[in-house]
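Accompanying notes for the structure given below.
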Amino acid sequence: MTAMNSVTIFWLQLLTSVFVFSIVTAWYVWPYLTKLPRDSALVPLLFVHVPRYVGMTLLVPGMIDPKLPPEFLFSAAYGDLLEAALALASIFALRSNWRFAVALVWVSNIWGFADLLNGVRGVLQLNVPNFNLSTIWYIYTFYAPLVIVSHLMIFWILIRSVSWKK
């Protein structure tokens, strides 16, 4: 029997996580959120993004393969840190009923999704699964898929905002 290589395992785990999180979302999360007012429905989805500060681990010496380009690591780490801050600010704005709260959610979600797409581009260009990722492997294959699903749900709520109960 031939063993799978790390690239195959990486993408298999990532896609399986997207699939599983999508099922959980469709069966349990979405039905619950549709019963809430828009701003209340956005808060738990934004909380998914607050732990993105963990991406700063990419900058800790010895935690990840030193052969990975620093530009990729800095972009991913600081992009995630900014998204974590924007998501947290959005939560406070929504819970405080600030006038610009929904606009801030748009900014947060657009930034976070663009950062995520930039990360995927980097993962593909550099073939990141071939590097030693240590525990960061789980961020890419478990947490990032949850972030993807959450971004899409936030966009859906924001786009349907006109028909969503307030």
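We number each residue from 1, following the sequence as shown.
- By the rule that hydrophobic residues join a cluster once side-chain heavy atoms approach within less than 4.5 Å of another member, Leu146 and Phe142 end up as members of one cluster.
- For the atom pair Leu133 CG and Ile139 CD1, the distance stands at 10.0 Å (nearest 0.5 Å).
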Checklist entry - Given Thr135 and Met63, is the side-chain contact (heavy atoms from CB on, under 4.5 Å) satisfied, shown in steps? => result CA-CA 8 Å; Thr135 57; Met63 286 296 291; 3.9 Å; yes

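- Checked by atom type and distance alone, the side chain of Asn5 pairs as donor or acceptor with a backbone atom of Thr8 at under 3.5 Å.
- Taking Arg121 as the reference, Asn118, Gln125 meet the side-chain hydrogen bond (donor to acceptor under 3.5 Å, both in side chains) condition, with sequence neighbours excluded.
- Neither Val54 nor Leu82 shares a network with the other; the hydrophobic side chains, linked directly or stepwise wherever heavy atoms of I, L, V, M, F, W or Y lie under 4.5 Å apart, form separate groups for each.
- The 12-atom threshold is exceeded at CZ of Phe131, counting heavy atoms of other residues, nucleotides or ligands nearer than 6.0 Å.
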Next on the checklist: If you apply the rule side-chain contact (heavy atoms from CB on, under 4.5 Å), what do you find for Phe74 with Leu59, and how did you get there?
Outcome noted: CA-CA 7 Å; Phe74 287 132; Leu59 303 180; 3.2 Å; yes

Next on the checklist: Working note: Ile154 + His49, criterion side-chain contact (heavy atoms from CB on, under 4.5 Å); need CA distance, chi angles, decisive distance, verdict.
Outcome noted: CA-CA 11 Å; Ile154 291 169; His49 301 271; 3.9 Å; yes

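- In this structure, the side chain of Ser108 does not engage the main chain of Leu104 through any donor-acceptor pair within 3.5 Å.
- Smallest separation of non-hydrogen atoms from Ser150 and Leu45: OG-O, 2.8 Å.
- Checked by atom type and distance alone, the side chain of Tyr143 pairs as donor or acceptor with a backbone atom of Val48 at under 3.5 Å.
- The backbone N or O of Leu86 lies less than 3.5 Å from a partner atom in the side chain of Ser90, making a donor-acceptor pair.
- With sequence neighbours left out, Phe113 forms a ring pair (Phe, Tyr, Trp, His ring centres under 6.0 Å) with His151, Phe155.
- Leu58 contributes atom CG, which lies 7.5 Å from atom CG of Asp80 (distance to the nearest 0.5 angstrom).
- The side-chain hydrogen bond (donor to acceptor under 3.5 Å, both in side chains) search around Asn97 returns none, not counting sequence neighbours.
- Both Leu81 and Ile64 belong to a single network of hydrophobic side chains, linked directly or stepwise wherever heavy atoms of I, L, V, M, F, W or Y lie under 4.5 Å apart.
- Side-chain N or O atoms of Thr34 include one that pairs as donor or acceptor with a backbone N or O of Pro31 at under 3.5 Å.
- Grouping the Ile, Leu, Val, Met, Phe, Trp and Tyr side chains by contacts below 4.5 angstrom, directly or via other members, places Trp98 apart from Val105.
- Expressed to the nearest 0.5 Å, how far CD of Glu83 lies from CG of Leu88 amounts to 11.0 Å.
- The environment of CZ in Phe100 is crowded: more than 12 heavy-atom neighbours from other residues, nucleotides or ligands sit within 6.0 Å.
- Ile136 and Val7 fall within a single hydrophobic cluster, where Ile, Leu, Val, Met, Phe, Trp and Tyr are joined by side-chain heavy atoms under 4.5 Å apart, directly or via other members.
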Item to check | Intermediate values then yes/no, side-chain contact (heavy atoms from CB on, under 4.5 Å), Trp137 and Ser6 | outcome: CA-CA 10 Å; Trp137 182 279; Ser6 61; 4.2 Å; yes

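- Using modelled atom types, no side-chain atom of Thr141 and backbone atom of Leu14 make a donor-acceptor pair closer than 3.5 Å.
- With respect to the salt-bridge test (charged N to carboxylate O, under 4.0 angstrom), the residues Asp39 and Arg95 do not qualify.
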